[in-house]
Amino acid sequence: VESGSKVPLVVQFGTQACALCPDASKRIHRLMETHQFEWHYMDAALSQLAEALEVTRLPAIAVIHSADRYAVYQQLRDDDVNRIIDQECEKRLVLDADF
């Protein structure tokens with residue numbers, strides 16, 4: 001990434017039993033093409049990070065910019081994932097789209 005800046009880390013929390021988690025995963029996957037971030041999936045039932053962040057309502061994501069700058073979003077529905085990524089992560093420069 002340019003100028004030594006790091007892209008945000010998006011941690012998705014879900015479980016096998018979460019009916020809405022696959023939709024959140026599909027949305028995040030598509031957003032990787034348009035926005036700059038790293039994506040990691042964690043099973044909320046097994047994750048110490050989920051416990052530390054008090055994740056209790058799935059699907060959930062944590063957007064981590066640095067150790068002291070992060071946000072946790074829970075109980076995501078519909079286009080919540082799109083809105084959050086758009087707000088938290090920079091758009092990728094797609095040259096052929098705008099010219």
Hey, any chance Y41 and F37 share a hydrophobic cluster, counting ILVMFWY side chains that come within less than 4.5 Å of each other, even indirectly? no

Distance (rounded to the nearest 0.5 Å) between [X] [atom1] and [Y] [atom2]:
X	Y	atom1	atom2	answer
C21	Q16	SG	CD	9.5 Å
I61	I85	CD1	CD1	4.5 Å
I84	H35	CD1	NE2	12.0 Å
L31	Q36	CG	CD	13.0 Å
R57	Q75	CZ	CD	5.0 Å
S25	R30	OG	CZ	11.0 Å

With a 4.5 Å cut-off on side-chain heavy atoms, are R27 and N82 touching? yes

Would you indicate whether the side-chain heavy atoms of Q12 and I28 approach each other to under 4.5 Å? yes

Quick check on Q87: does its CD atom have over 12 non-hydrogen neighbours (other residues, nucleotides or ligands) under 6.0 Å away? yes

Is the number of heavy atoms from other residues, nucleotides or ligands under 6.0 Å of R77 CZ greater than 12? yes

List in chain and number order the residues that pass side chain to side chain donor-acceptor pair (under 3.5 Å) with R83, two or more places apart in sequence or in another chain; answer none if no residue qualifies. D80

Scan side-chain atoms only and decide if H65 and E88 contain a donor-acceptor pair under the 3.5 Å cut-off. yes

If you look at every heavy atom in V81 and A24, which pair is closest and at what distance? CG2-CB, 4.1 Å

For C89 versus P8, what's the shortest heavy-atom pair and its separation? SG-CG, 3.9 Å

Could you identify which residues cluster with L49, counting Ile, Leu, Val, Met, Phe, Trp and Tyr as linked when any side-chain heavy atoms lie under 4.5 Å apart, either directly or through a chain of such contacts? L9, V11, F13, M42, L53, V55, L58, I64, Y70, V72

Can you tell me if [X] uses its side chain to pair, donor with acceptor, with the backbone of [Y] under 3.5 Å?
X	Y	value
S47	D43	no
R92	M32	yes
Q74	T56	yes

